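Structure first, then comments.
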Amino acid sequence: MSVKIYNTLTRKKEPFHPLEKGHIKLYVCGITSYDYCHIGHARSALAFDMIVRYFRYLDYKVTYIRNFTDIDDKIIARAAEQNTSTEELANRFIDEFYIDMDKLGVDRPTMEPKATEHIQEMIDLISELIDKDMAYAANGDVYYRVGSFAEYGKLSGRRLEDMQAGARIQINENKDDPMDFVLWKASKPGEPNWKSPWGDGRPGWHIECSAMSRKYLGDTFDIHGGGQDLIFPHHENELAQSEAATSKPYVNMWIHHGFVTIRDEKMSKSLGNFLTIRDILSHYHPEVLRFFIFSTQYRNPLDFSEEAMQNAMTGLDRLYECIATVEGMRDDFSTQSKQIASAKDITKLTSIKERFQKAMNNDFNTALAQGVLFESAKVMNKISRQIDKQPCQSDYDLLTTAAATIIKLASIMGILQEKADKYLAAKKAAMLEQIEISEDEILQLIKERNHARDEKNWSQSDEIRDRLLAHNIELNDGATGTGWSIKKD
RNA sequence: GGCGGCGUAGCCAAGCGGCUAAGGCACUGGUCUGCAAAACCAUGAUUCAGCGGUUCAAAUCCGCUCGCCGCCUCCA
């Protein structure tokens, strides 16, 4: 059973097989480093983190390259504003990026090349294109001759004629054709620049990915990924450059993820409706953001709202509570106890892995995979609540194995990775800080209330409970005593 | 104007030609409880934006209409 992936190039879901058996070569467009990252960047990093983790779970070797664009117009402009160098600015925000990624628990790619460290490779590639007459130099700039690449537009499904009709194309008298795009830009005075056969200048945006992917992954590799906004022009142009230079297919499979939206509009700086990763992580546990991001399939738009985050948190807590209950089970079983799990329950719980993989094999359908986790938790809760004191061996084994399986599978999405009791305790402690009552006070009041309850003094008992409720503390009277929790809004 | 995507219960979200249209949140009833909370059980779309068509069979394929979104300029 192979993984099926939606390929932007063919607009179909296709079974995926790497060129080299057992070894996947993946290139993903990373950030342009000039500002803090927002949730959209988080979605990109997390989507590919999940994809790589899933491939590795399936025992593939994955070589994962994600670049940093550390020179471009925006970086130059921002550096000038801040009176600093492009290098300092780019490196500063790369450091900030790592802070966010580490908090989110995103695994590092195999390599993270920077554009400015691959100038020579880009110059070499541009020279090859000029030699083949696919590119031309003009006044210190170098342009790609779009019209000479017959398949131009095949990735984004555009035809040159259509684009020219309605496009806002900058007038540039250096270009032979308005659709030609820049490979090398002559530098203006004071701008960062590198020596080249065409004079001092700097690379265009698209060429870096062609040069770096070729260096680290070869002329043809398995998967190239990025956000849907990169399909055109970035990936279209990359493809055109690389295939023109090598005369080989550039990439077999193109993966593009959807946007994060707010009130159904794309999150973007120009609209001012973006939230940074650190904004979110100051209010929510990183796993809540991960849970939220994986609550829909990666290609669909994902609408951000506080309500959706609360929803994600509730769902994550539910899974943690289920695991905590199983882990809190007395770890000795009894030969006296009867088996509670039905044949149907056993089937459900022994097929978790299979059902989860089936979901993931269908174009990384994390939404469906989360459904498998919830269904499993429900069955486990059902069994757990019926166990009286000690489980029988078969139930004990079934539940502990199921919990371990869920934790393992959830690690692909990077959720449920904390010890369940610690996660729940930490959450309680964090929420306790927000209300004006200490744990000691709560425990004291519970003690008083239980005393009243022993005397069947219900009015006093309820009065104490209401007093705690005023502080958002909910009580739960169980067989082993009275517990408390913070009430959700 | 060109290209692409989406429209499934109050909300989120699976479904990719054929088993009762997953799952979560919310709501309601029940079990449990002194009363609650949590958990569990039960309950909700004769129907998948609308209209036609293909098929023995369509939410799933095709066409048209309506609505929303994205790309065509930097953008995850």
Side-chain angles (χ1 to χ4, degrees), chain A residues 4 6 8 11-13 28-32 34 37-48 69 72-74 77 153 156-159 161-170 205 225-234 236 256-261 264-270 274 291-292 295-297 299-303 305 307-308 310-312 314-315 318-319 321-322 325 355 359 362-363 365-379 381-386 453 456-459 461-462 465-466 469 473-479 482-485 487:
Chain A
K4 280 203 292 184
Y6 182 88
T8 308
R11 291 185 193 78
K12 280 198 292 264
K13 266 188 214 173
V28 174
C29 290
I31 58 161
T32 297
Y34 72 104
C37 288
H38 57 63
I39 320 177
H41 298 109
R43 186 180 196 188
S44 178
L46 289 172
F48 290 105
T69 298
D72 90 323
D73 292 347
K74 291 189 296 295
S156 56
R158 288 156 211 265
R159 292 180 309 171
E161 315 84 82
D162 294 339
M163 285 189 282
Q164 285 168 27
R168 290 164 269 180
I169 298 165
Q170 280 185 345
W205 175 34
Q228 278 168 359
D229 49 357
L230 297 182
I231 297 171
F232 190 90
H234 184 53
E236 190 70 61
H256 292 99
H257 66 261
F259 302 124
V260 178
T261 60
D264 293 324
E265 278 190 320
K266 181 181 170 184
M267 189 178 286
S268 74
K269 302 215 162 157
S270 51
F274 66 95
F291 191 94
F292 165 68
S295 67
T296 188
Q297 205 264 354
R299 280 188 290 121
N300 295 142
L302 176 63
D303 200 47
S305 65
E307 193 193 349
Q310 287 293 334
N311 219 313
T314 305
R318 181 176 163 83
L319 295 176
E321 269 158 22
C322 167
T325 303
R355 289 183 290 131
N362 185 6
D363 201 19
N365 195 334
T366 51
L368 186 57
Q370 285 187 349
V372 173
L373 300 183
F374 279 117
E375 269 184 279
S376 309
K378 188 166 196 162
V379 174
N381 284 337
K382 190 177 82 178
I383 297 168
S384 294
R385 72 181 280 275
Q386 288 178 74
R453 290 175 75 218
K456 300 207 189 297
N457 185 348
W458 306 129
S459 61
S461 160
D462 288 353
R465 193 180 60 202
D466 290 344
L469 202 56
I473 302 291
E474 272 179 344
L475 299 181
N476 51 324
D477 300 320
T482 300
W484 62 274
S485 58
K487 195 180 165 197

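All figures in this text were calculated on a predicted structure; none of them were measured in a lab. Chain naming here is simple, since letters A, B, ... match the order of the sequence lines and numbering starts at 1 in each.
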- Rounded to whole Å, the CZ-P distance (R159(A) to G2(B)) equals 10 Å
Taking only N/O atoms, report every protein-nucleotides 36-38 of chain B pair under 3.5 Å with atom names and distance.
residue	atom	partner	partner atom	Å
A36(B)	N6	D477(A)	N	3.3
A36(B)	N6	D477(A)	O	3.2
A36(B)	N1	L475(A)	O	3.3
A36(B)	N1	D477(A)	N	3.0
A37(B)	O2'	E474(A)	OE1	3.2

- Task: Can you tell me, in whole Å, how much space there is between the P of A37(B) and that of A14(B)?
- Result: 32 Å
Close N/O contacts between protein and nucleotides 58-61 of chain B (under 3.5 Å):
none

- Note: S156(A) and F232(A) closest approach over all heavy atoms is OG-CD1, 3.4 Å
- Query: Taking the same atom, P, in C12(B) and in A26(B), what whole-Å distance lies between them?
  - Reply: 15 Å
- Note on the structure: Note: F292(A) and A308(A) closest approach over all heavy atoms is CE1-CB, 3.6 Å
- Message: Work out how far the C1' atom of C6(B) is from that of G15(B), and round it to whole angstrom.
- Response: 15 Å
- Take atom CG of D229(A) and atom C1' of C74(B), then tell me their distance rounded to the nearest Å. 10 Å
- Between I39(A) and F259(A), which is nearer to the 5' end of RNA chain B once each is assigned its nearest nucleotide? F259(A)
- Task: Calculate, to the nearest 0.5 Å, the distance between atoms CG and CG belonging to N300(A) and N365(A) respectively.
- Result: 8.5 Å
- Message: Give me the atom names and distance for the closest heavy-atom approach of L373(A) to L319(A).
- Response: O-CD2, 3.8 Å
- Say you draw a straight line from NZ of K266(A) to CZ of F259(A); how long is it, rounded to the nearest 0.5 Å? 4.0 Å
- Hey, does S461(A) reach any base, or is it just sugar-phosphate, or nothing, if we go heavy atoms under 4.0 Å? base
- Can you tell which of G2(B), C74(B), A39(B) lies closest to the side chain of R158(A)? G2(B)
- Message: What's the gap between G18(B) and C74(B) when it is taken at their P atoms, as a whole Å value?
- Response: 43 Å
- Item | Atom C1', compared across A9(B) and U47(B): separation rounded to whole Å | 10 Å
- Message: With a 4.0 Å cut-off on N to O distance, would you call E375(A) and R355(A) a salt bridge?
- Response: yes
Polar pairs (N or O, both sides) under 3.5 Å between protein and nucleotides 22-27 of chain B?
residue	atom	partner	partner atom	Å
C25(B)	O4'	N311(A)	OD1	3.2

- Kindly compute the distance separating CG (D462(A)) from CG (L469(A)), expressed to the nearest 0.5 Å. 11.0 Å
- More than 12 heavy atoms of other residues, nucleotides or ligands under 6.0 Å from CD of E307(A): is that the case? no
Please tabulate, one pair per line, each protein N/O and nucleotide N/O from nucleotides 66-69 of chain B that are separated by under 3.5 Å, including the distance.
none

- Specify the closest pair of heavy atoms between S461(A) and R453(A), including all atoms of both residues, with the distance to one decimal. OG-CG, 3.4 Å
- d(CZ, R299(A); P, C6(B)) in whole Å: 8 Å
- Message: How long is the straight-line distance from NE2 of H256(A) back to OG of S44(A), given to the nearest 0.5 Å?
- Response: 10.0 Å
- Item | Rounded interatomic separation in angstrom, taking CD1 from I31(A) and P from A76(B) | 8 Å
- Can you tell me how far CZ of R465(A) sits from CG of D477(A), rounded to the nearest 0.5 angstrom? 7.5 Å
- Sorted by chain and number, sequence neighbours left out, side chain to side chain contact (heavy atoms under 4.5 Å, CB included) with N476(A) holds for none
- Message: Expressed as a whole number of angstroms, how long is the span from Q386(A):CD to C32(B):P?
- Response: 14 Å
- Query: Does P301(A) reach the side chain of T296(A), with side-chain heavy atoms less than 4.5 Å apart?
  - Reply: no
- Task: Quick one: pull up CZ in R158(A) and CD1 in I231(A) and give me the separation to the nearest 0.5 Å.
- Result: 8.0 Å
- Message: For a 4.5 angstrom cut-off between non-hydrogen side-chain atoms, does T366(A) reach Q297(A)?
- Response: no
- Message: Can you measure N300(A) atom CG to A13(B) atom P for me and round it to whole angstrom units?
- Response: 8 Å
- Identify which one of V260(A), L302(A), D303(A) satisfies the side chain to side chain contact (heavy atoms under 4.5 Å, CB included) criterion when paired with M267(A). V260(A)
- Note on the structure: Heavy-atom closest pair (R299(A) atom, R43(A) atom, distance to 0.1 Å) is N-NH2, 4.4 Å
- Message: What's the closest nucleotide to the side chain of K382(A) if the choices are C41(B), G2(B), G34(B)?
- Response: C41(B)
- Task: Indicate whether OP1 or OP2 belonging to A14(B) is found under 4.0 Å from a side-chain N or O atom of T296(A).
- Result: yes
- Counting side-chain heavy atoms from C-beta on, which of G34(B), A14(B), A76(B) comes nearest to H257(A)? A76(B)
- Message: Could you write out RNA chain B as dot-bracket? Rules: Watson-Crick or G-U wobble, both distances under 3.5 Å, brackets [ ] for crossings, | for pairs with another strand, dot for unpaired.
- Response: ((((((((.[[[..)..(....]]]..((((.......))))......[[[[[..)....]]]]])))))))....
- Item | Inter-nucleotide C1' distance (A58(B), G4(B)), Å rounded | 24 Å
- Result for 5'-nearest mapping on RNA chain B, choosing between V260(A) and D462(A), is D462(A)
- Task: Please work out which of the three classes, parallel, tilted or perpendicular, describes the rings of F274(A) and H38(A), given edges at 30° and 60°.
- Result: tilted
- Message: Between C51(B) and C66(B), how many Å separate the two C1' atoms, rounded to a whole number?
- Response: 10 Å
- Query: Counting only side-chain N and O atoms of N365(A), is one of them less than 4.0 Å from OP1 or OP2 of A14(B)?
  - Reply: no
- Length of the CD-P vector between Q297(A) and U8(B), whole Å: 17 Å
- Write down the distance between NE2 (H256(A)) and P (C71(B)), rounded to a whole number of angstrom. 14 Å
- Whole-Å C1' distance, U8(B) and G24(B): 15 Å
- Task: Looking at every strand, decide which applies to G227(A) at a 4.0 Å heavy-atom threshold: base, sugar-phosphate, or nothing.
- Result: sugar-phosphate
